[in-house]
Peer 1: 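Have a look at the structure that comes next, please.
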Amino acid sequence: SLDSDTPVTATTGETAIGGLAADALSGLWQQPPVLPTKWLYDERGSKLFDEITRLPEYYPTRRETAILRARSAEIASTTRADVIVELGSGTSTKTRLLLDAFVDAAADGERPTYVPVDVSTEMLTTTAEVLAVDYPGIDVVPVVADFTEPDLDLPPADGPRLAVFLGGTIGNFDPAARAEFYRSMVGSLSPGDYFLLGTDLVKDTGRLVAAYDDSAGVTADFNRNMIEVLRAGLDARGLYADDFEHIARWNPGEHRVEMWLRARRDVDAYFGVLGRSWRVPAGTEIHTEISTKFQPGALAEELESAGLSVVSAWTDPAGDFQLTLTRR
Ligand code: AVJ
């Protein structure tokens, strides 16, 4: 059942637009310009991402789903968690595999609690309502929060809690941000709690780049939508998504795919909300996303050194993606 009609808001600071204005101010005038990845996920961006997960070139979602299908029962029996907290829950599609397993594993009278955490209130509310109907044996307690901000308060539990961070979204963090994220995660967990992490793995560069530069152009639209978010959110004149070209390239030193937006022509834009002009020459590239790919050994090392002991690591048969179960 759903415990509340509206999600709990755990964010404290500024409004969404305030955040965008601050991020544009601090990012667009940098060399090279950079914008936080989270601004890709307005309503249209979230729909485009959903479309990406079904593209032939974009393998991570299918691979992770296959691993969850094979391992959810084992995750439920190993952790025996009664609270499952999902960071960046989105539409919670893959999570259903986990929830099914926890319902199956629950003893009579036990009610697992599912806490989806996301920045998008609309999506969270809809998802929570649907899940509450589909899972009468589970308490659904949505929380609106930006989990990139430190020290999320997890609901207390009698038994172990399981935090899950799926999709390979940890790949959006650079090494310093990952260390900070693990530190914050360890701070939110109690000893004996579990953390389940989905990561994409290093593989053939051609396949990696194709996954972020699909032939249908959906990822290009997803990336360019960041310009639309800026235009609408900051009341911009002279800023057009079509003036930017989608770039996806492999950075071998940092083992990550990077997304950039390259200006096709000189840009002379004015942001009403900022009261500022932004002028850059053709060819200027704005950095919008990193998607880090991991090596299993190095990943285990960084988790262990953060205080998260690796319990199990599972890959799909092709070895494309990995789910790692850790314990504080
Ligand atoms: C949602 C962060 C896992 O990095 O693969 C997909 C986002 N960006 N295509 C990823 C994304 C371009 C995705 N994550």
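Ligands are counted one by one from 1 in listed order, and the atoms in each one are counted from 1 as well.
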Peer 1: Students often mix this up, so state it plainly: with edges at 30° and 60°, are the rings of Y58 and F49 parallel, tilted or perpendicular?
Peer 2: perpendicular
Peer 1: Indicate the ring-plane relationship of F181 and F195, choosing parallel, tilted or perpendicular according to the 30° and 60° boundaries.
Peer 2: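 F181 vs F195 ring planes: tilted.
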Peer 1: Show me the donor-acceptor pairs within less than 3.5 Å that the side chains of residues 270-281 make with the rest of the protein, sequence neighbours left out.
Peer 2:
unit_1 : atom_1 : unit_2 : atom_2 : d
W278   : NE1    : L28    : O      : 3.0
R279   : NE     : D268   : OD1    : 3.2

Peer 1: Under a 4.0 Å heavy-atom cut-off, which residues neighbour ligand 1?
Peer 2: Y41, F49, I52, Y58, G167, G168, T169, N172, Y212, T219, F222, M259, E289, S291
Peer 1: Could you check whether R207 pairs with D320 (Lys NZ or Arg NE/NH1/NH2 to Asp/Glu carboxylate O, under 4.0 Å)?
Peer 2: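 Salt bridge present between R207 and D320.
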Peer 1: Could you give all pairs that pass the salt bridge (charged side-chain N to carboxylate O under 4.0 Å, His left out) test and reach residues 75-84, with sequence neighbours left out?
Peer 2: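 Applying salt bridge (charged side-chain N to carboxylate O under 4.0 Å, His left out) to every pair that reaches into residues 75-84, excluding sequence neighbours, yields nothing.
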Peer 1: Could you tell me which residues satisfy side-chain contact (heavy atoms from CB on, under 4.5 Å) with E57, sequence neighbours excluded, listed by chain and number?
Peer 2: L55, A210, D214, S215
